[in-house]
Amino acid sequence: MKKIILLIAFTTILSCKTEVEKKIDYAVISGKIENTDSKKAAIYNQYTMKKIADLTIAEDGTFSDTLKTATDFYALRQDKNLTDLYIPKGSILKIEYDATKKDSTVQFSGSNSAINKYLSDKVFVTKTTTGDQKEMFLKDEADFKAHLLKIKTAEEDLLMKTKAISENFKNNELKNIKYTYLSTLNKYELYHGYYSKDRSFKASENFLDELKNIDLENENDFIFSKGYRSVVENAIGTDATALAKKDSIADDIAYLKLTAKIKNDKIKNKLLYDAAKYGVTYTENLEEFYTLFTNNSTDEENNKEITTAYNKLKALATGSPSPKFVDYENYAGGTTSLDDLKGKYLYLDIWATWCGPCIAEIPSLKKLEKEYHNKNIEFISISIDKMKDHEKWKEMIVDKDLKGLQLFADNNWESKFIEDYQIKGIPRFILIDPKGNIVNANAPRPSDKKLVETLQSLEL
């Protein structure tokens, strides 16, 4: 009889434990930030790179929130302070720091505090060992690889000497460190060419031999390691470039075709979505791009988002009326609306003072403005800087001697005009005809010879 009673009791306890475990589908984060005027901080999902919550910071610097996203890795952004966090479901983590010197004052307590301290220390170790990025990428192949191995060893040493970290996390993190090393190797050719100003630079044939024969469908590594995701994306991208050349198709179409062949749905869905969330706004083959995506993505939430973007983009077809902006601040004085500019072709440059590629286009844009000065075309630059950078916008117009019509958008990225054009990245260029209809919602850049060909085909 006692055995039966004990068995019933044990079963009851086990059942209760199972029910509790089922209910813990969230994590809790709290903390205190000293010496900050910030009223808000933001939490990002590091897997999707989406903001999932705005944290309210009280007068005394404290905050707390519950996280229900299906990830273990997050990032906390408070002003310019960014902190990587590991908060699996069931965790209760507290973070405290001084906003004026975050890296030297940050402290963690609660669940997985040792792992979070490791992640914080890792940022410092990596940054210190890396040194100047330009100098690193300008090294020759042998010295560059030796430098990367030094970084890799420093990260591994830090991990191994950190106590109270589970073996499971440690094993996954060792692989992540290796994948990060490999993904940085992948960047060498591009970055060395950029910094040395030799765009024709090619790495030696065997430089990337360490990247051969890597399994591209390891779901565990894909979820855990940003470095592994980068390796997978680069491998598919390299093959896509070859396929595009072989079959005379666009690179983005080739990438989607190869991604569609991945058998693991979680990996395939994320890669398809990552390619589409920005790519759908830039592709020159909208219908084919969208069909490839929807025929192969099985994530309903992703499909809904891309379909919404696709439907908006269809309204931006050549000949369609352009979305409008109203009463944008004009640097020359007063305000300007799109309707004020009818009668001329309009070449719009969407940019910001913080955007390096935007600034790189300025010399080509100024040259173009000079060549077409007496033609029936107006060059308009629309800044999507935040209001806090308003004076910086004015100063750059003077410092760079910017020509054309200089306008300031009413709500940076959230401006309706920017959203209507589905602008996800800048610089972005738009060509509109004298009647206010779209010629090209994604026009070539000023530095692209295709733009001159386009302008020469118009009656200017």
Drop me the distance from Leu93's CG to Ser111's OG, to the nearest 0.5 angstrom.
7.0 Å

With side chains defined as the heavy atoms from C-beta onward, is the minimum distance between Thr454 and Leu431 less than 4.5 Å?
yes

Considering only NZ, NE, NH1 and NH2 on the basic side and carboxylate oxygens on the acidic side, decide whether Asp401 and Lys403 come within less than 4.0 Å.
yes

Qualifying residue for side chain to side chain donor-acceptor pair (under 3.5 Å) with Gln46, from Thr71, Asp72, Asp84:
Asp84

Cation over ring face, Arg229 and Phe224, 6.0 Å, 45°
no

For Phe293 and Tyr273, I'd like to know if the aromatic rings sit close, meaning centre-to-centre distance below 6.0 Å.
no

Pair Asn412-Asp385, side-chain donor/acceptor within less than 3.5 Å
no

Just say parallel, tilted or perpendicular for the rings of Phe417 and Phe325, cut-offs at 30° and 60°.
perpendicular

Working to the nearest 0.5 angstrom, can you tell me the gap between Ile426 CD1 and Trp351 CH2?
9.0 Å

May I have the step-by-step check of ring pair (Phe, Tyr, Trp, His ring centres under 6.0 Å) for Tyr188 and Phe207, ending in yes or no?
CA-CA 10 Å; Tyr188 177 71; Phe207 182 70; 5.0 Å; yes

Determine whether more than 12 heavy atoms belonging to other residues, nucleotides or ligands lie under 6.0 Å from atom NZ of Lys178.
no

Checking Lys266 against Glu219 for the salt bridge (charged side-chain N to carboxylate O under 4.0 Å, His left out) test, could you report, in this order, the C-alpha distance in whole Å, the side-chain angles of both residues, the deciding distance, and whether it holds?
CA-CA 7 Å; Lys266 190 161 189 81; Glu219 183 175 316; 5.7 Å; no

Dump the intermediate steps for salt bridge (charged side-chain N to carboxylate O under 4.0 Å, His left out) on Glu156 and Lys122, then the final yes or no.
CA-CA 9 Å; Glu156 290 170 341; Lys122 180 185 174 185; over 6 Å; no

Measure the acute angle between the ring planes of Phe222 and Tyr228, then classify it against the limits of 30° and 60° as parallel, tilted or perpendicular.
perpendicular

Checking Lys51 against Asp54 for the salt bridge (charged side-chain N to carboxylate O under 4.0 Å, His left out) test, could you report, in this order, the C-alpha distance in whole Å, the side-chain angles of both residues, the deciding distance, and whether it holds?
CA-CA 8 Å; Lys51 183 169 76 169; Asp54 283 312; 3.2 Å; yes

Ile33 and Phe63, any side-chain heavy atoms less than 4.5 Å apart
yes

Test Ser166 against Asn168 for side chain to side chain donor-acceptor pair (under 3.5 Å), laying out the working first.
CA-CA 5 Å; Ser166 70; Asn168 182 57; 5.2 Å; no

Distance check, rounded to the nearest 0.5 Å: Ser183 atom OG versus Asn234 atom CG?
7.5 Å

Residues Asp198 and Ser196: side-chain donor-acceptor under 3.5 angstrom:
no

Under 6.0 Å between ring centres: does that hold for Tyr47 and Phe73?
no

Crowding at NZ, Lys386 (>12 non-hydrogen neighbours, <6.0 Å):
no

Return yes if a side-chain donor-acceptor contact under 3.5 Å exists between Ser322 and Tyr421, otherwise no.
yes

Is any side-chain heavy atom of Leu271 closer than 4.5 Å to one of Val232?
yes

Atom NZ of Lys139 with >12 non-hydrogen neighbours under 6.0 angstrom:
yes

Charged tip of Lys50 within 45° of Tyr44 ring normal and under 6.0 Å:
no

Would you check if there is a donor-acceptor pair between the side chains of Glu369 and Tyr347 at a distance under 3.5 Å?
no

Any non-hydrogen side-chain atom of Glu329 less than 4.5 Å from a side-chain atom of Leu407?
no

Shortest non-hydrogen pair, Thr130 vs Ile151, comes out as OG1-CD1, 3.4 Å

Please check if any side-chain donor atom of Tyr310 sits under 3.5 Å from a side-chain acceptor atom of Gln422, or the reverse.
no

For Glu414, I'd like to know if atom CD has over 12 heavy atoms of other residues, nucleotides or ligands within 6.0 Å.
yes

Side chain to side chain donor-acceptor pair (under 3.5 Å) evaluation trace for Lys150 with Thr129
CA-CA 7 Å; Lys150 182 180 177 183; Thr129 314; over 6 Å; no

Might you confirm whether atom NZ of Lys366 has over 12 heavy atoms from other residues, nucleotides or ligands at distances under 6.0 Å?
yes

Can you confirm whether Glu189 sits close enough to Phe201 that some side-chain heavy atom of one is under 4.5 Å from a side-chain heavy atom of the other?
yes

For a quick check under 3.5 Å, do Glu361 and Ser447 share a side-chain donor-acceptor pair by atom type?
yes

Taking only Lys NZ, Arg NE, NH1 and NH2, and the carboxylate oxygens of Asp or Glu, determine whether Asp98 and Lys102 approach each other closer than 4.0 Å.
no

Between Ala441 and Ile430, the two heavy atoms sitting closest are O-CG1, 3.6 Å

Could you tell me whether Glu284 atom CD has more than 12 heavy atoms of other residues or ligands within 6.0 Å of it?
no

Assert yes or no for the condition that the ring centre distance of His192 to Phe137 is strictly below 6.0 Å.
no

Does a donor on one side chain and an acceptor on the other come within less than 3.5 Å for Glu300 and Asn303?
no

Tell me if the NZ atom of Lys40 is crowded by more than 12 foreign heavy atoms within 6.0 Å.
yes

Are any of the side-chain nitrogens in Lys161 or Asp157 under 4.0 Å away from the carboxylate oxygens of its partner?
no

Between the main-chain N or O of Ile115 and the side-chain N or O of Asn112, is there a donor-acceptor pair closer than 3.5 Å?
no

Compare every heavy atom of Ile384 with every heavy atom of Ala409, then report the nearest pair and how far apart it is.
CB-CG2, 4.2 Å

Assess whether side chain to side chain donor-acceptor pair (under 3.5 Å) is satisfied between Tyr191 and Gln133, documenting all intermediate values.
CA-CA 10 Å; Tyr191 280 56; Gln133 177 176 281; 5.3 Å; no

Carboxylate-amine/guanidinium contact Lys268 Asp265, below 4.0 Å
yes

Is it the case that over 12 heavy atoms from other parts of the model lie below 6.0 angstrom from the CG atom of Leu82?
yes

Spacing of Leu348 atom CG and Ile423 atom CD1 [to the nearest 0.5 Å]:
8.5 Å

Should the pair Tyr86 and Phe169 be assigned to parallel (<30°), tilted (30 to 60°) or perpendicular (>60°) ring geometry?
perpendicular

Atom OG of Ser204 and atom CG of Asp140: how far apart are they, to the nearest 0.5 Å?
10.5 Å

Which atoms form the tightest heavy-atom contact between Glu141 and Ala203, and what is the distance?
OE2-CA, 3.3 Å

Using the rule given for side chain to side chain donor-acceptor pair (under 3.5 Å), can you reason through Asn302 versus Glu305, listing the C-alpha separation, both sets of side-chain angles and the distance that settles it, and then say yes or no?
CA-CA 5 Å; Asn302 290 348; Glu305 180 180 336; over 6 Å; no

Can you tell me how far the CG atom of Leu76 sits from the CG atom of Leu55, to the nearest 0.5 Å?
6.5 Å

Between Glu34 and Lys32, does the salt bridge (charged side-chain N to carboxylate O under 4.0 Å, His left out) criterion hold? Intermediate values first, please.
CA-CA 6 Å; Glu34 302 279 2; Lys32 185 173 185 180; 3.7 Å; yes

